[in-house]
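What follows is a short report on a single structure.
Residue numbers begin at 1 in each chain, while the letters A, B, ... track the order of the sequences.
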Amino acid sequence: MQRIAIAERPDWRASAERLGFQFHTIDGDPYWDESAYYAFSLEEIERDIETPTGELHELAMDLVGEVVRDESLLRRLAIPEPYWQWIAESWRDASPHLYGRMDFAYAGDGSGPAKLYELNYDTPTSLYEAAFFQWLWLEEQVGRGALAQGSDQYNLIQETLIEAFATIAKRLPRPLYFSAVRESLEDQGTIAYLADCAEQAGLATRKIAIEDIGLSEDGRYTDTDDYVIEALFKLYPLEFMFAEEFGAALPASRLVLIEPPWKAILSNKGILPLLWQRHEGHPNLLPAFFDDKPEEALPAGWVRKPLFSREGANIELRTNDGDAHRSDGPYTDAPYIRQAFHPLPKFDGGYPLIGSWVVGDRPCGLGVREDASLITQDTSRFVPHVIR
Amino acid sequence: MKRSRQLALLAIAQTPWLLVGCDGSSAPPQELTKQGFYTSIEACERDGNSAEVCQKASTAANTASTNAAPRYKTKAECIAEYGDLCTEREHESGGFWMPLMTGFMISQLLSPGRAPVYLDSNPIYRTRAGQYTEVYRDRGVGAPGGGWGTSGGGVSTRPVDIAPNRAITVSRSGFGSSAAARSGWGGSSRGG
């Protein structure tokens with residue numbers, strides 16, 4: 001794995017805006033960054049990323065089956081009790097799921113296997129840029145002669161998404177609504193892209209801001225024209241929905257939700273200590289434990305994460321030398337876990353984090369995000385990759 | 001190859017878009033029919049269709065309805081099927097009863113590199129049981145080129161599986177408050 005500088009395509013901003021990538025720059029800061037790329041060997045991709053992703057996905061799915069039957073584990077994951085039965089039923093009925101992303105620390109210098117930082121299995125983003133715009137970058141750079149003929153990329157994400165939509169279509173009432181926070185350009189861009197993939201799979205789609213969803217007197221969710229929403233893809237955390245005013249109506253609403261209710265288990269950082277307990281010593285897992293004393297000072301060599309943090313918020317980290325790093329954030333209302341400190345590798349541009357995508361149940365591509373700090377946050381930049 | 005040979009975007013690009021990759025074989029470009037069920041021209045436009053297309057679709061469905069709506073000899077027969085949504089029509093061979101159109105199903109062809117192309121629009125009726133039914137010309141039956149309602153032109157019905165089921169909304173904005181409360185950190189729900 002190497003980081004290699006390359007000239008930007010002169011017209012990429014115009015392409016981005018024409019092709020639905022309005023969030024290439026966020027609040028004036030660059031997000032899409034094609035001034036460099038990461039080069040992998042095929043062996044690094046297949047042996048070190050793709051295979052472990054498939055294996056960890058299986059372990060995680062097995063764990064869901066265990067957790068839904070165990071009240072003490074549901075409580076340990078701080079999942080509110082009124083939703084337990086609904087979650088368990090969604091697992092038993094094999095409610096369709098679409099996608100997830102695993103984040104790995106990986107140096108690719110023979111220093112060891114990729115280590116799983118966490119699962120983003122409920123509201124993973126950086127999807128469009130990984131699945132589509134990164135692919136376009138490669139094709140155009142090969143076409144322009146800036147990359148060698150025969151350069152490849154680990155990226156079957158979009159075609160796998162379309163296949164997955166076509167597979168679950170049979171179980172979905174129509175149309176399928178796509179919803180996200182109204183004011184987030186990035187989230188709106190991501191659901192527009194997902195809706196495009198669903199349309200390509202033959203599904204009729206609609207969009208609605210999460211704030212605009214209504215509730216009827218008989219406990220069903222409605223759109224702004226009072227039509228009942230029977231199938232909803234939400235790019236909005238399940239645990240937020242549980243805590244909000246309309247959450248209580250979820251179990252009885254008969255809504256087909258994507259991601260499904262059982263994803264509440266996999267989007268939870270508590271999955272990390274549970275995986276470690278059951279598979280201690282697994283080469284791709286880091287030691288992890290529930291942290292019942294978050295008020296105590298964190299010892300060197302450990303990272304403290306809230307069960308429900310996103311975007312790298314509220315992470316506390318002490319390196320093996322005892323240096324402390326901390327990210328602020330709003331996720332101060334849940335229990336915590338501790339995970340063994342394992343630093344991201346350092347390259348010229350910063351610290352890259354590997355996002356490895358699973359669509360349906362299939363590992364199918366990756367995206368790299370770089371941050372200037374050891375904690376990858378919403379300040380990170382997306383950098384494309386190549387297999388050579 | 002570890003990547004896709006071709007990718008397309010249909011709706012989010014300014015025009016539908018397809019690229020066959022450098023190493024791609026010459027696969028035929030994708031063509032898809034997009035269907036949309038609307039109960040009004042306004043709803044059609046709100047869904048991103050042009051005013052012109054929505055007007056055309058509504059008019060076409062209305063015309064088709066005049067010629068091809070299910071016909072009943074008596075008001076009672078029509079009401080048994082469609083409830084109150086029945087109307088009487090005068091006809092030279094005697095009057096009859098037929099349901100009122102409650103919406104239309106518009107079909108458009110989506111193909112990469114082109115704006116959506118209007119194909120046709122069919123009338124939709126709502127049965128007494130609340131099921132929406134589309135009346136369409138069965139192209140596999142009857143004389144070629146036979147218009148709506150012409151003798152021999154097969155007219156068939158099918159249930160609409162994207163039934164817009166309405167309910168009285170009593171409250172809104174019951175989702176979204178957590179993101180707003182945490183919006184000092186971007187207001188996004190981004191994973192990672």
Side-chain angles (χ1 to χ4, degrees), chain A residues 18-20 45 101 103 120 123-126 132 135 139 142-143 152-156 158-159 174-175 181 183-184 186-187 192-193 195-196 199-200 204 210-218 220 222 225-228 235-237 240-241 243-246 310-313 329-330 376 378 387, chain B residues 1-15 17 19-24 30 32-37 39-40 42-43 46-48 110 160-192:
Chain A
R18 195 175 64 247
L19 295 170
I45 295 290
R101 194 191 75 229
D103 287 341
N120 293 282
T123 58
T125 59
S126 76
F132 182 79
W135 182 89
E139 295 294 346
V142 172
D152 201 359
Q153 191 172 79
Y154 175 35
N155 190 358
L156 297 158
Q158 179 170 327
E159 72 173 87
R174 315 291 169 83
V181 172
E183 299 299 332
S184 169
E186 184 191 359
D187 290 0
Y193 174 65
D196 197 300
E199 296 256 343
Q200 292 188 50
I210 200 90
E211 298 89 342
D212 285 341
I213 292 174
L215 190 63
S216 72
E217 53 194 353
D218 60 347
R220 291 177 298 165
T222 56
D225 293 322
D226 288 353
Y227 290 121
V228 174
L235 190 61
Y236 192 72
F240 284 10
M241 299 176 90
E244 292 175 2
E245 187 193 336
F246 280 3
R310 283 160 207 263
E311 300 187 59
T376 309
D378 57 0
I387 305 173
Chain B
M1 261 202 345
K2 298 291 281 184
R3 73 181 190 283
S4 303
R5 289 175 188 278
Q6 62 171 42
L7 292 184
L9 295 176
L10 295 175
I12 65 168
Q14 280 169 8
T15 57
W17 182 95
L19 182 69
V20 178
C22 305
D23 297 345
Q30 254 169 305
L32 282 170
T33 309
K34 181 190 182 189
Q35 296 203 308
F37 169 18
T39 51
S40 68
E42 295 71 44
R46 265 203 305 279
D47 199 34
L110 300 176
V160 175
D161 69 344
I162 49 176
N165 186 358
R166 284 186 113 141
I168 298 162
T169 303
V170 290
S171 169
R172 282 199 197 281
S173 306
F175 284 133
S177 58
S178 309
R182 298 174 200 240
S183 67
W185 287 269
S188 157
S189 52
R190 170 133 72 110

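- Looking at B/Q35, its side chain never comes within 3.5 Å of a backbone N or O of A/A204 through a donor-acceptor pair.
- Considering only residues two or more places apart in sequence or on other chains, A/D225 meets the side-chain hydrogen bond (donor to acceptor under 3.5 Å, both in side chains) condition with B/R46.
- Note that the CD atom of A/Q158 and the CG atom of B/L7 stand 4.5 Å from one another [nearest 0.5 Å].
- Contact detail for A/I45 and B/K2: the closest heavy-atom pair is CG2-CE, 4.3 Å.
- Distance alone, capped at 3.5 Å, places no donor-acceptor pair between the A/D196 side chain and the B/L9 backbone.
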Set out, in order, the CA-CA distance, both residues' side-chain angles and the distance that settles side-chain contact (heavy atoms from CB on, under 4.5 Å) for B/R5 and A/E159, then state yes or no.
CA-CA 9 Å; B/R5 289 175 188 278; A/E159 72 173 87; over 6 Å; no
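- Considering all non-hydrogen atoms of both residues, B/A179 and A/V181 come closest at CB-CG2, 3.7 Å.
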Any chance you could lay out the side-chain contact (heavy atoms from CB on, under 4.5 Å) test for A/F132 and B/I12, step after step, and finish with the verdict?
CA-CA 12 Å; A/F132 182 79; B/I12 65 168; over 6 Å; no
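- The two atoms that bring A/L19 and B/A13 nearest to each other are CD2-CB, 3.8 Å, heavy atoms only.
- Contact record, B/L19 with A/W135: O-CH2, 3.4 Å, taken as the closest heavy-atom pair.
- Between chain A and the residues B/A43, B/S173, B/S171, the most heavy-atom pairs under 4.5 angstrom are made by B/S171.
- A/E244 and B/S178 share a side-chain donor-acceptor pair at under 3.5 Å.
- In this structure, the portions of A/E217 lying under 4.5 Å from any heavy atom of chain B include both its backbone and its side chain.
- Applying the salt bridge (Lys or Arg N to Asp or Glu O under 4.0 Å) test to A/R18 and every residue at least two apart in sequence or in another chain returns nothing.
- With a threshold of 4.5 angstrom between heavy atoms, A/L215 approaches chain B through its backbone and through its side chain.
- In terms of heavy atoms, B/R3 sits closest to A/L156 at C-CD2, 3.5 Å.
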